[in-house]
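Contents: one structure, followed by commentary.
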Amino acid sequence: MKIVIAPDSFKESLSAMAVATCIENGFSQIFPDCEFIKIPLADGGEGTVDVLVDMLKGKKQYKEVKGPISGNVNAVWALLNDGQSKTALIEIAAASGLDLITPEQRNPLISTSFGTGQIILQALDSGANKIIIGLGGSASNDGGAGILQALGGQLLNAQGNQLTIGGAALEGLAAIDLSKLDKRCADVEFIVACDVSNPLTGDNGASRVFGPQKGATPEMVELLDSALSHFADIAAQSTHIKQQKSAGFGAAGGAPLGLSLAFNIKIQAGIDMVLDILQVDDVLQGADLVITGEGQMDNQTLNGKTPYGIAKRAQARGIPVIAIAGSLGTEVEGLYENIGSIFGTVRSAQPLAQVLSEAEGNLTRTARNIAATLLIGNEIYLK
Ligand SMILES: Nc1ncnc2c1ncn2[C@@H]1O[C@H](COP(=O)(O)OP(=O)(O)O)[C@@H](O)[C@H]1O
Ligand SMILES: O=C(O)[C@H](O)COP(=O)(O)O
């Protein structure tokens, strides 16, 4: 039996490789002779550089940049060795990620993507002529305003002064001046790999869907949604393109909007890009079962997250899929069409910190029990 184990990381508890290893350990207690193939995945969110860097023969780089709220962070990115083009692989979560701040610090009114812009500048300084940026897992909801400002773009208020950082300040935007934008931006091939397909604004937009997990209260959500909408209106005056409804523009707090003002961007589904680079379709050949998962599976998973992306590839080949999530959120039932059975791992009602600290044990036990159930099912069926 060939089992492909292809999960995302469990944010705040386990890397994608650690998740895959726990699942293998649990399954092999019941099926010791199975062939297990582990492929740690990411969808543009945190961990994207890690899962791709070896396959793309890249070299990790580090830069001290502005963090999402205050102070500096040492952010990782990678320079790839890919023949004629010099490609930089960046993820917004490394410099502007939610993981970089404590729950008490979360405040999307002031959190910024500025540090990610500083990484892009370093990539340009390193001679990159192609940039791939993974979007997802961000603390910011600033429409990529911080990135644009770091690259030299000016977001001006009615008095002609540069706006302060953060999503809330965008309400005061009166004009965008790109005359001081770094000239190298014009010549770069720029791929944006989004972890979700949500639009910029509205009911399914960045602020309403992802604002609360970044610390936004219902009032803050409405303010942020209207600020992004205003940013998009002013941006449309320079570009003549309305981006509010474009798929993927709601990723990473609307970062594609700021990026689209600096670069000629091409938007892709992050998970499809990762699956293609890792040649997952080849790995799936002859597989009997795919096991995937992420920290929490819920109605956001259907918006393009890892388990949904890999499940669609497996489904196309008639391979059954099981998912194991740290915990299960709302409307997980919507995934049954793509994923045959979905399991949470939590042992009992406990505080989140306790649950996260027991992640390995909970996941290994759950994987073992799923495997045992498959075996029991087989025995019953053959009777
Ligand atoms: N081991 C775990 N057990 C239970 N819940 C977890 C575990 N690991 C992560 N989570 C929960 O899942 C949430 C979302 O994680 P995940 O799905 O990995 O991130 P994303 O936002 O990128 O989809 C985390 O913030 C955490 O609350
Ligand atoms: O960063 C964001 O806002 C996303 O694109 C969705 O975030 P998540 O992957 O952290 O849920």
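Counting convention: from 1, in listed order, for ligands and their atoms alike. Start at 1 with the first residue, then count along the sequence.
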Check your understanding: If you measure from each heavy atom of G137 to ligand 1, is any distance below 4.0 Å?
Key -> no
Point to revise | Between SG on residue C185 and CG on residue L124, distance to nearest 0.5 Å | key: 6.0 Å
Practice item. Applying side-chain contact (heavy atoms from CB on, under 4.5 Å), name anything that partners T366, two or more places apart in sequence or on another chain. Key: I324, F343, T345, I370
Check your understanding: N/O of G137 under 3.5 Å from N/O of ligand 2, yes or no?
Key -> yes
Exercise for review: Return the orientation label for the F190 and F263 ring planes: parallel under 30°, perpendicular over 60°, tilted otherwise.
Suggested key: parallel
Review point. Hey, is ligand 1 close enough to K305 that some N/O pair sits below 3.5 Å?
Key: yes
Review point. Does at least one non-hydrogen atom of L98 fall below 4.0 angstrom from an atom of ligand 2?
Key: no
Exercise for review: Measure the distances from the heavy atoms of E46 to every atom of ligand 2 and state whether one is below 4.0 angstrom.
Suggested key: no
Check your understanding: Does some non-hydrogen atom of G253 fall short of 4.0 Å from ligand 2?
Key -> yes
Indicate every side-chain donor-acceptor pair of residues 288-309 with a distance under 3.5 Å to a residue at least two apart or in another chain.
| from | atom 1 | to | atom 2 | distance (Å) |
| --- | --- | --- | --- | --- |
| D288 | OD2 | K2 | N | 2.8 |
| T292 | OG1 | A6 | O | 2.9 |
| E294 | OE2 | T301 | OG1 | 2.7 |
| Q296 | OE1 | S327 | OG | 3.3 |
| Q296 | NE2 | D298 | OD2 | 3.2 |
| D298 | OD1 | Q300 | N | 2.9 |
| Q300 | OE1 | K305 | NZ | 3.2 |
| Q300 | NE2 | Q213 | OE1 | 3.3 |
| T301 | OG1 | D298 | N | 3.0 |
| T301 | OG1 | D298 | O | 3.1 |
| N303 | ND2 | N198 | OD1 | 3.4 |
| T306 | OG1 | D8 | OD2 | 2.7 |
| T306 | OG1 | D43 | OD2 | 3.3 |

Check your understanding: Is there at least one pair of N or O atoms, one from Q213 and one from ligand 1, spaced under 3.5 Å apart?
Key -> no
Point to revise | Polar side-chain atom of H230 near backbone of L173 as donor-acceptor pair, under 3.5 Å | key: yes
Point to revise | E358 heavy atom under 4.0 Å from ligand 1 | key: no
Practice item. Could you say whether the N/O atoms of S327 and ligand 1 ever approach to under 3.5 Å? Key: yes
Review point. Looking at ligand 1, does D8 have a heavy atom less than 4.0 Å from it?
Key: no
Point to revise | Test item: side-chain donor near acceptor, S226 and E171, under 3.5 Å | key: yes
Point to revise | N/O separation below 3.5 Å, D195 to ligand 1 | key: no
Review point. Going by distance only, is there an N or O of G295 that falls short of 3.5 Å from an N or O of ligand 1?
Key: yes
